[in-house]
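Please read the structure below before turning to the comments.
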Protein chains: 2
Amino acid sequence: MEGQSDPHPSSSQIQSQACCPTVPEISIEELDDEVEIFAALANTTRYGAVRLLVAADGEVCACDLAPPLEVSQSAISHALSRLFAVGLVERRKQGRWRYYQATPIAEELIDRIDAHQERDR
Amino acid sequence: MEGQSDPHPSSSQIQSQACCPTVPEISIEELDDEVEIFAALANTTRYGAVRLLVAADGEVCACDLAPPLEVSQSAISHALSRLFAVGLVERRKQGRWRYYQATPIAEELIDRIDAHQERDR
DNA sequence: CTACCATATGAAGATACACTCATATAACGG
DNA sequence: CCGTTATATGAGTGTATCTTCATATGGTAG
């Protein structure tokens with residue numbers, strides 16, 4: 001399998017008007033952390049939670065996030081744990097409550113998306 | 001199933017130092033488009049393609065993207081189609097080649113991620 | 001035309017994912 | 001203490017997702 005591709009560097013030199021405008025080299029292996037950040041946002045529950053936290057512009061306890069998202073306690077807990085794992089939210093414990101807050105990177109990503117949606121509407 | 005939650009508005013008024021700092025209302029249904037954008041980036045092949053395009057800072061033909069990502073022709077084609085569908089890349093046909101280019105929103109999201117990675121390293 | 005090349009697309013199998021359920025932990029209130 | 005509340009976590013399951021294979025399309029060169 002993988003019957004070798006590499007089409008153009010063959011025969012003569014097809015680099016003038018053909019493809020190949022020198023493709024930059026990037027380390028593909030090191031992309032996984034970043035993919036995980038986007039993967040954490042690639043789900044309605046988790047993205048909705050981030051949006052709520054960004055809109056709240058401050059701390060919100062987990063129990064206040066579940067109802068508007070219409071998901072169970074377990075679901076929001078799983079969701080917030082994953083968001084925390086990739087650094088999209090911070091959390092603080094107070095008594096029996098756990099307060100969550102969006103991190104700067106979360107705010108920035110949402111901000112970019114909002115600006116984009118604003119543009120082409 | 002779903003034995004109704006809504007914990008605090010019950011008994012007395014537990015809003016002072018408890019949770020509930022007025023959770024903002026957002027339209028959860030309208031989030032799907034945005035989730036699709038992040039979902040498109042939540043895969044190594046697709047994210048790698050976007051990174052290559054952003055790094056290239058210009059057009060790159062599909063055949064030049066497959067080798068560095070170590071994926072098949074079919075895989076890169078599927079990947080680019082999906083990225084195009086959500087507006088993360090643009091494309092232009094020239095002869096039998098198809099040139100892809102990152103869109104502004106793609107560049108901005110990558111830019112935010114890079115700045116973030118820079119920060120906590 | 002006919003061969004070949006770059007790309008696209010549909011179906012299909014293997015894998016990963018997001019819930020739910022059950023249960024655990026921890027903090028408060030009586 | 002014991003019951004209740006808020007949250008966390010592991011297992012299990014239905015569903016979605018990604019890649020490959022096969023094939024289609026559209027362009028180019030002989």
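Values reported hereafter were calculated over all heavy atoms of this structure, with side chains retained and with hydrogens, waters and symmetry mates removed.
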Is any side-chain heavy atom of B:E108 less than 4.5 Å from a side-chain heavy atom of A:H116?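 No, too far: nothing below the 4.5 Å cut-off.
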Are the side chains of A:L83 and A:Y100 in touch, meaning some heavy atoms are under 4.5 Å apart?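 Counting from C-beta outward, A:L83 and A:Y100 never come under 4.5 Å.
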What is the separation between atom [atom1] on [X] and atom [atom2] on [N], rounded to the nearest whole Å?
X     : N      : atom1 : atom2 : answer
A:R91 : C:dA26 : CZ    : C1'   : 14 Å
A:R98 : C:dT25 : CZ    : P     : 15 Å
B:L65 : C:dA8  : CG    : P     : 11 Å
B:L69 : D:dT19 : CG    : C1'   : 14 Å
A:L80 : D:dT9  : CG    : P     : 12 Å

Ring geometry between A:F38 and B:Y47 (parallel below 30°, tilted from 30 to 60°, perpendicular above 60°):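 B:Y47 vs A:F38 ring planes: tilted.
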For [Y], does its backbone N or O pair with a side-chain atom of [X] as donor and acceptor, under 3.5 Å?
X      : Y     : value
B:S27  : B:E30 : no
A:T103 : A:L88 : yes
A:S81  : A:S77 : yes
B:R46  : B:A39 : yes

Quick check on C:dT7: is either OP1 or OP2 less than 4.0 Å from any side-chain nitrogen or oxygen of B:Y99?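 So the side chain of B:Y99 is outside the cut-off, no N or O lying under 4.0 Å from OP1 or OP2 of C:dT7.
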For C:dA8 and B:S77 - does any side-chain N or O of the residue sit under 4.0 Å from the phosphate oxygens OP1/OP2?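 For C:dA8, OP1 or OP2 has a side-chain N or O of B:S77 closer than 4.0 Å.
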Please list each protein N or O that sits under 3.5 Å from an N or O in nucleotides 23-30 of chain D, with the distance.
none

Grab the two heavy atoms, one from B:A49 and one from B:L80, that are nearest each other, plus how far apart they are.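 B:A49 and B:L80 have their closest heavy atoms at CB-CD2, 4.4 Å.
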Measure across B:P67 and B:C63 and return the closest heavy-atom pair with its distance rounded to 0.1 Å.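 What the structure gives for the nearest pair is CD-O, 3.1 Å.
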Just to be sure I understand the rule, does B:F84 reach a base, reach only the sugar-phosphate, or reach nothing, if contact means heavy atoms closer than 4.0 Å?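 Since no nucleic acid heavy atom lies under 4.0 Å of B:F84, the category is nothing.
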Distance under 6.0 Å and angle within 45° of the ring axis: does B:R92 meet both against B:Y99?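 Checked: cation-pi criterion met.
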Within this structure, what is the SG-CZ distance for the pair A:C61 and A:R96, rounded to the nearest 0.5 Å?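 Rounded to the nearest 0.5 Å, the SG-CZ separation comes to 11.5 Å.
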Fill in the dot-bracket string of DNA chain C, one character per base: . for unpaired, | for a pair to another strand, ( ) or [ ] for pairs within the strand, taking Watson-Crick or G-U pairs under 3.5 Å. ||||||||||||||||||||||||||||||
Atom pairs under 3.5 Å, N or O on each side, protein against nucleotides 13-20 of chain C: can you list them with distances?
from: C:dA18; atom 1: OP1; to: A:R46; atom 2: NH1; distance (Å): 3.0
from: C:dA18; atom 1: OP1; to: A:R46; atom 2: NH2; distance (Å): 2.4
from: C:dA18; atom 1: OP2; to: A:R46; atom 2: NH1; distance (Å): 3.3
from: C:dA18; atom 1: OP2; to: A:R82; atom 2: NH1; distance (Å): 2.7
from: C:dC19; atom 1: OP1; to: A:N43; atom 2: ND2; distance (Å): 3.3
from: C:dC19; atom 1: OP1; to: A:T45; atom 2: OG1; distance (Å): 2.7
from: C:dT20; atom 1: OP2; to: A:S72; atom 2: OG; distance (Å): 2.8
from: C:dT20; atom 1: O4; to: A:H78; atom 2: NE2; distance (Å): 3.4

